[in-house]
Amino acid sequence: MTQEDLRNLFSSIGELESCKLIRDKLTGQSLGYGFVNYVKSTDAEKAISSLNGLRMQQKTIKVSYARPSTPLIKDANLYVSGLPKSMTQEDLQRIFHPFGRIITSRILVEPSTGMSRGVGFVRFDKRPEAENAISSLNGTIPAGAKDPVTVKFANNPSQKNQQVLQSLYAAASPTRRLAAPTTGPLYHQARSFSDLLSNVNMGLGVKRHLPSKCAGCTAPSAASSSCAPNYGICIFVYNLSPETDENILWQLFGPFGAVTSVKVIRDYQTQKCKGYGFVTMTNYEEAFLAVCSLNGYKLGDRVLQMSLTKPSGAA
DNA sequence: TACGATT
């Protein structure tokens, strides 16, 4: 939605004094909210009663009175993971409401099934309420659940966009390409990697740095995995260096076939890779070959290990 | 830091 869309929608109620769509500072992308001032307060009331809850495309818009702008309401948004799949938004609110006024909350779902992904968000009115919720709830086990939940401050959308831009820049940067070839790990990777691929393409056995039993490949029926089985095969990759970025995973797995997503798991504070990541591939045969080929592959000074992700909830 | 998930 553009600023103009916002203006058109809300000016249909009454005369506007001002109207502002909030955008990311770097990318200019809408952050999904904005502020509208009406000349007459009765029009503001009308806007809330007629537009709140309106469904637009995939979204349900929320319209309410803006809270007074103060530093206290900033950074009060929490990210919650490890929730039982059976937990509803109402359950989530029940758990968090003792700590303060909840502005919004939601549980993320798999689009295809509507099933909970076990993660969600809770935005409190005030920062100290959010802090209290973290210290009281993080690591605790909800009633009736068997695993503890993680409660922490949510990532800031502009931080996330910065990461994406940096990663794109790093991939495209000529200095990076010139600096790497003779000494960097990418050079060594590229040479031995192409050897490896030519082996694969000729249908020959694959050299490995470890005597590999192809972990995770022994039971092809285990193709179902915790990560979106409808969307592909999810591969767990371990022993990545702290400097690993998404591009490296794309480069490693892309030649084996269709890769739908890659994820480097990072420490939130340092933004360094925690040593592992995930790659989702569309086709089982290609994923199988990638795991068999890349397990034991030496990237820089590290021997990679990989397997299909641990199935979840299987008896 | 051997299984994430960021509206």
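Each chain gets a letter, A, B and so on, in the order its sequence line appears, and its residues count up from 1.
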B/dG4 base stacked by A/F278 (centroids within less than 5.5 Å, tilt under 30°):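 According to the criterion (under 5.5 Å, under 30°), yes, A/F278 stacks.
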Atom pair distance, as rounded to whole Å: [atom1] in [X] and [atom2] in [N]:
| X | N | atom1 | atom2 | answer |
| --- | --- | --- | --- | --- |
| A/I235 | B/dA5 | CD1 | P | 18 Å |
| A/I265 | B/dT1 | CD1 | P | 16 Å |
| A/L240 | B/dG4 | CG | C1' | 13 Å |
| A/Q271 | B/dT1 | CD | P | 18 Å |
| A/E246 | B/dA5 | CD | C1' | 13 Å |
| A/E110 | B/dG4 | CD | P | 15 Å |
| A/L108 | B/dA5 | CG | C1' | 8 Å |
| A/D147 | B/dC3 | CG | C1' | 13 Å |

Nearest to the side chain of [X] - [options]?
| X | options | answer |
| --- | --- | --- |
| A/R117 | B/dT1, B/dC3, B/dA5 | B/dA5 |
| A/T309 | B/dC3, B/dT1, B/dA2 | B/dC3 |
| A/A154 | B/dT6, B/dA2, B/dC3 | B/dT6 |

Identify whether any heavy atom of [X] sits under 4.0 Å from a base atom; if not, whether one sits that close to sugar-phosphate; answer base, sugar-phosphate or nothing.
| X | answer |
| --- | --- |
| A/D267 | base |
| A/K62 | nothing |
| A/Y276 | sugar-phosphate |

Qualifying residues under salt bridge (charged side-chain N to carboxylate O under 4.0 Å, His left out), relative to A/E286, sequence neighbours excluded: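 With sequence neighbours excluded, A/E286 shows a salt bridge (charged side-chain N to carboxylate O under 4.0 Å, His left out) to no residue whatsoever.
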SB check A/E131 A/R127 (cutoff 4.0 Å):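 So A/E131 pairs with A/R127 through a salt bridge.
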Working for ring pair (Phe, Tyr, Trp, His ring centres under 6.0 Å), residues A/F153 and A/Y79: CA-CA 6 Å; A/F153 285 109; A/Y79 174 73; over 10 Å; no
N or O in side chain of A/K263 less than 4.0 angstrom from B/dT6 OP1/OP2: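 For B/dT6, OP1/OP2 do have a side-chain N/O of A/K263 under 4.0 Å.
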Any A/R106 side-chain nitrogen or oxygen under 4.0 Å from OP1 or OP2 of B/dT6: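 No, outside the criterion.
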Nearest heavy atoms of A/L83 and A/G120, plus distance in Å: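 Shortest heavy-atom contact: CD1-N, 4.2 Å.
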Partner residues of A/K272 under the side-chain hydrogen bond (donor to acceptor under 3.5 Å, both in side chains) criterion, sequence neighbours left out: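 side-chain hydrogen bond (donor to acceptor under 3.5 Å, both in side chains) list for A/K272, sorted by chain: A/E243.
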